[in-house]
Structures are given as C-alpha cells and as structure tokens.
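To start, the structure itself, in structure tokens.
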Number of protein chains: 2
Amino acid sequence: MNSDFTLAIHSLTYLALQPDRMSTSDAISESAGVHAVRIRKVLSLLKKHGFIKSKEGLGGGFIFARDLSEVNLWDIYKLTSEGALQPKCPESNEQCVVGANMQRVLFNIFIGAEEHLGDYLKQYTIKDVLELIYDK
Amino acid sequence: MNSDFTLAIHSLTYLALQPDRMSTSDAISESAGVHAVRIRKVLSLLKKHGFIKSKEGLGGGFIFARDLSEVNLWDIYKLTSEGALQPKCPESNEQCVVGANMQRVLFNIFIGAEEHLGDYLKQYTIKDVLELIYDK
DNA sequence: ATAATCTATAACACCTAGTATTACAGTACG
DNA sequence: CGTACTGTAATACTAGGTGTTATAGATTAT
C-alpha cells in the first residue's frame, strides 16, 4: 500500500494532540518526515471529506473537525487506498478459459477481502491510535 | 499488490486443467499474457514449496503435485505477497511522539489485518477457483 | 553423438507509479 | 503593503515491477 494512508493517520493523530490551535503543514511534515507539499495534498483530501478544517494566511493551518472517536481507520483507508488490495491482473488471453475468466474471479474474491478488511479496520479510531502511541 | 499472486493462481489453475500431462511455461505464459521467463520465476517458487513438479528437457514442463482442494489462496498469498498489506511508513521524526511511535502502532494493527485476511483467503482453494472460472 | 526442446537463472533494459521539489497564485492578518 | 500561510500544477527523480536477452544444463528422439 502507498504511504498516503500512513500520512493521513499520522496527520490526524498529530492534529489530535493539538486540539486547540492550528497546526501548519510544515510542522506536520517535519513530524512525518516527508515534504510539506505532500502533506498538504493528503490534508486537502481529508478536508474535502470533512475530517479537518483549514485556514489560509498568517496564523492559519489545519485543525481536527470531528470527534476523535468517530473517525476510524477504515474511513481513511477508503479515502487513500481503496482498491489497493486488488492484485494486478495482466491482460490475459481471451482464447483460453483460464485467461478469459481469471480476472473476474479474483476481482470478486478480493472485493470480499476488502469488505473483510473494512470490518477489521473499523475497530480502530484515531482515539485508539493516540492511546496506542503512548502505550508501549 | 504485485501480479505474482495472480500469476501463481493463474498457473496453478491452468495446471489443474491438465492433470495428466506436463504443461510448458510457454503455454502458460501465452494464457496469462506475460513473458515465459516471468512465469518460470513464479513456478520456480511454487516448485520450491512443493505445490508443483517440473521436468527439464523435451516433453518436460510443469505439473500439479498436490490435491486441488488442499491448496488455498492464503498459501499462495504467503509465498508471493506476504507483507503487501503493510502501509509504507516513511522514516519519521524520532523527536516527535507521533513520529517516534506511529510506525510501530500501524505495523501491529496491520499484522492483525493480515491475519484476518488469511482467515478469509483460506476459504478459497484452487478447486474453488476452477469452479468459479466456469461458473459465470 | 547430435539436434531439438525444455527448465533454470542471471543480467540488463525499460517503464510506470510513487515521491520530492520547484514554482506560483490566492488568502488572511498585522 | 509585507509576511506567513494554504492550494495546486508542473516538473524531476527514484525504485520496484516488468520485459527481454543470453547462457548453461537436462532430457529425449533420431
């Protein structure tokens, strides 16, 4: 899976620790160890879906917009990584019964797999992650 | 996920349809739509773990070595894609409590996720896949 | 023996997706 | 205004996945 998921969780957790003031993309990017532009791209997605608010200009930045315990990892997975589980299927030979149908069969199986993954990831909220951060 | 998983399943399913004779990597690669060398690389892995047998020389090729119903998708996932679920974690800032612990927290959560995925994928054997191929 | 057909691998080239970087426009505040 | 931010497009870089070529070794038929 690409790292957008990680960066989104990282950002939300960071913001969860600063509930009263705006955090800049620079500060978050320093914590996460990636370029600020990338963080802003991820944050932009989170904002579009209402998880955070942002403010431009001096003193601006990002801030959490929901209750920590009502945002779970499946919400974020869907935003950043939906479909990532699907194994890549090269275009195979339509003349062969295996080639002609393999893609469909695996696709359907992995639709189910992702639903299953969803049930698991829904267990973990940002609040839980924050607790795990401190719970060594 | 990379396509090794797909290619392995594709190859096994192909071999399952030819239980009485050897199939060449050329034939399988034509069905799967990728280069024969890549198929051989995947088949080499399957052979090393005892799922198939191979024979060199004229009339040689590959053949299934187990019962169709005792090889499941989780077996193959473990061979080809274990760890693929883990989201990438950039090296983050150790000075920050979030940066210092995020990787560990997510790693542990996704260990659980992969176990969960395992339980799901174990449901499907090559025999099942073969039936699904014909079952439109 | 020798030729033909296959596996087994290493080595190299290519291509794509992920990532970093630069650049610049827009907004808010003092 | 100038400064400090977000927002986003465009470009460059990089690594991993993939395709291709090359070569050695095994087996069989003639």
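Just so it is clear, the structure is predicted and the values come from calculations on it, not from any experiment. Naming convention: chains lettered A, B, ... in sequence-line order (proteins, then strands); numbering from 1 in each chain.
The ring pair (Phe, Tyr, Trp, His ring centres under 6.0 Å) pairs that include a residue from residues 64-87 of chain B are B:Trp74-B:Tyr77, where partners are two or more places apart or lie in different chains. Note on residues 31-54 of chain B: no pairs pass ring pair (Phe, Tyr, Trp, His ring centres under 6.0 Å), not counting sequence neighbours.
Rounded to whole Å, the distance from CD on A:Glu91 to P on D:dT18 is 14 Å. Separating the NZ atom of A:Lys47 from the C1' atom of D:dC5 is a distance of 12 Å, rounded to the nearest angstrom.
Between the A:Thr24 side chain and the A:Ala27 main chain, a donor and an acceptor come within less than 3.5 Å of each other. Side-chain N or O atoms of A:Ser81 include none that pairs as donor or acceptor with a backbone N or O of A:Ala84 at under 3.5 Å. Not one N or O on the side chain of A:Asp135 forms a donor-acceptor pair closer than 3.5 Å with the backbone of A:Glu131. With A:Ser3 contributing its side chain and A:Thr6 its backbone, the two residues share no donor-acceptor pair below 3.5 Å.
Heavy-atom nearest nucleotides on DNA chain C were determined for B:Pro90 and for B:Leu43, and the one closer to the 5' end corresponds to B:Leu43.
Taking only side-chain nitrogens and oxygens, B:Ser3 comes nearer than 4.0 Å to OP1 or OP2 of D:dT18.
Between A:Asp4 and A:Arg38 there is a salt bridge, since a side-chain N of the basic residue sits under 4.0 Å from a carboxylate O of the acidic one.
Contact detail for A:Val98 and B:Ile133: the closest heavy-atom pair is O-CD1, 4.2 Å. Residues B:Glu94 and B:Ala100 approach most closely at O-CB, 3.6 Å, considering heavy atoms.
Along DNA chain C, read 5' to 3', the first and last nucleotides having any atom under 4.0 Å from a heavy atom of chain A are C:dT19 to C:dC29.
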Taking protein heavy atoms under 4.0 Å as touching, what does nucleotides 20-30 of chain D look like 5' to 3' if B marks base contact, S marks sugar-phosphate-only contact and - marks none?
BB---BBBB--
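Of all the residues in residues 18-29 of chain A, not one reaches under 4.0 Å from DNA chain C with any non-hydrogen atom.
Legend: residues meeting ring-ring contact (aromatic ring centres under 6.0 Å, His included) with B:Tyr120, ordered by chain and number and at least two apart, are A:His116, B:Tyr124.
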